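Since this is a predicted model, take the numbers as computed values, not measurements. Computation of the quantities below employed the complete heavy-atom set of this structure, encompassing side-chain atoms and omitting hydrogens, waters and symmetry-equivalent molecules. Throughout, residue positions are numbered sequentially from 1 according to the sequence presented.
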Amino acid sequence: MPTNLMIRGRCFQWGQQTYLMGVLNVTPDSFSDGGEFNSTAAAIAQAQALVAAGANIIDVGGQSTKPGAEQITVAEELERVLPVVMALRSGINIPISVDTTRADVARASVAAGADMINDISGGTFDSEMLPTVASLGVPIVLMHIRGNPQTMQQQTDYQDLIAEIYNFLAKQIAAAITVGIDQQKIIIDPGIGFAKNYEQNLEIFRRLGSLRSLNCPILVGPSRKSFIGRILNQPDPKARVWGTAAACCAAIFNGADILRVHDVKEMRDVSLVADALYRQEAQG
């Protein structure tokens, strides 16, 4: 696996520490914080708070991807994302990621100052996404999904869950490299909660290490998700911080390189201790 990646002058040294991607949803309908940061001023304040709390990357999303989320137009997505990216670029110096499945949004976001693309479809929803990212020369996160946010929860019938995730990601890595994306700029995500039921989400954590042989850094996004709510009998996503902490620990111990989280301050403490326990021993 590549040992490091430079993004906006920052060196991400894979295997040395866990990196935190702070979630910034500029949507009215995201599952845990929809409507809270969908004005530019509120989004900037939240991004600054995430940076101060220890985020290594800010991930800006203008299209909710929760189960059943309504699809918005490209124009609406651009209207939500671009003013925030432009305002953040002049105000923060850490990498900015944009969470989108659309090549047009990716291109405009990078022109506005974004540094990488996080595509929940792994480059499958828009046939222009991978060639566009190749031409932009930026890193991309390729996530596993079946169906789309409207249909994905009806598509959890796997013969072999981990093998299917592995094969999908291997295929998309190959497709990305074929169109000219540098393998060192590819990050993979097993897609917790995306076309996965409760038991399948738990299995991904237990078997996350199987994805290491794809030779790409692994991003995991467990933050506040419904599988944690089910374990804790906790319907309020914001009250799932401790459960998220446990899931983050499990992800680190099983090979995650980046955690995509809402609660950066708390997960920074979790990752610092987990890294000291796990990585320093592994390197020693």
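Within the model, atoms CD1 of I187 and CD1 of I7 stand 5.5 Å from one another, a figure rounded to the nearest 0.5 Å. To the nearest 0.5 Å, atoms CD1 (I192) and OG (S226) are separated by 10.5 Å. F168 CZ to S121 OG: the interatomic distance, rounded to the nearest 0.5 Å, is 6.5 Å. For the atom pair Q63 CD and T101 OG1, the distance stands at 7.0 Å (nearest 0.5 Å). For the atom pair I258 CD1 and W14 CH2, the distance stands at 4.0 Å (nearest 0.5 Å).
Inspection of the E77 and T100 side chains reveals an N or O donor paired with an N or O acceptor under 3.5 Å. For H144 and K196, the side-chain atoms include at least one donor-acceptor pair closer than 3.5 Å. At a cut-off of 3.5 Å, with distance as the only test, a side-chain donor of T73 or E76 sits close to an acceptor on the other residue.
No more than 12 heavy atoms of other residues, nucleotides or ligands sit less than 6.0 Å from atom CD of E79. In R146, the CZ atom is crowded: over 12 heavy atoms of neighbouring residues, nucleotides or ligands sit closer than 6.0 Å.
Sorted by first then second residue, the side-chain hydrogen bond (donor to acceptor under 3.5 Å, both in side chains) pairs that include residues 126-141, not counting sequence neighbours, are R107-T132. The list of side-chain hydrogen bond (donor to acceptor under 3.5 Å, both in side chains) pairs with a residue in residues 208-218, not counting sequence neighbours, reads Y166-S213, R212-D257. Counting only residues at least two apart or on different chains, no salt bridge (charged side-chain N to carboxylate O under 4.0 Å, His left out) pair has a member in residues 40-53.
Using a distance-only test at 3.5 Å, with no hydrogens or angles considered, no donor-acceptor pair links the side chain of Q155 to the main chain of M152. Here the side chain of D275 pairs a donor or acceptor atom with the backbone of T18 at under 3.5 angstrom. Without hydrogens or angle criteria, S223 side chain to R260 main chain gives no donor-acceptor distance under 3.5 Å. Although no hydrogens or angles enter the test, the distance criterion places a donor-acceptor pair under 3.5 Å between the side chain of N56 and the main chain of L20. Remark: the backbone N or O of G193 is not paired with any side-chain donor or acceptor of K225 at under 3.5 angstrom. A donor-acceptor pair under 3.5 Å is absent between the side-chain atoms of E203 and the main chain of L161, judged by distance alone.
Taking the six-membered ring where the residue is Trp, F205 and F227 present tilted rings, their angle falling between 30° and 60°. The aromatic rings of Y19 and F12 are tilted relative to each other, their planes meeting at an angle between 30° and 60°.
Here the closest heavy-atom approach between residue G180 and residue A134 is recorded as C-CB, 3.8 Å. The two residues A55 and G22 come nearest to each other via the heavy atoms CB-N, 4.3 Å. V264 and G54 get closest at one heavy-atom pair: CG1-C, 3.8 Å.
Contact annotation: the side chain of D59 never approaches that of V141 to less than 4.5 Å [non-hydrogen atoms, C-beta and beyond]. At a threshold of 4.5 Å between non-hydrogen side-chain atoms, the residues P83 and V26 do not count as touching.
Applying the side-chain hydrogen bond (donor to acceptor under 3.5 Å, both in side chains) criterion to S109, with sequence neighbours excluded, gives no partner residue. Residues satisfying the side-chain hydrogen bond (donor to acceptor under 3.5 Å, both in side chains) test with R89, not counting sequence neighbours, are D115. Residues meeting the side-chain hydrogen bond (donor to acceptor under 3.5 Å, both in side chains) test with D160, sequence neighbours left out: none.
Among the candidates D119, T124, V179, I117, the single residue satisfying the side-chain contact (heavy atoms from CB on, under 4.5 Å) test with L130 is V179. Considering I204, L208, L214, I145 in turn, I204 is the only one that fulfils the side-chain contact (heavy atoms from CB on, under 4.5 Å) rule with I165.
Cluster membership for L259 and I140, using ILVMFWY side-chain heavy atoms within less than 4.5 angstrom, is shared. Under a hydrophobic clustering in which Ile, Leu, Val, Met, Phe, Trp and Tyr are joined whenever their side-chain heavy atoms come within less than 4.5 Å, directly or via other members, I120 and I57 fall into different clusters.
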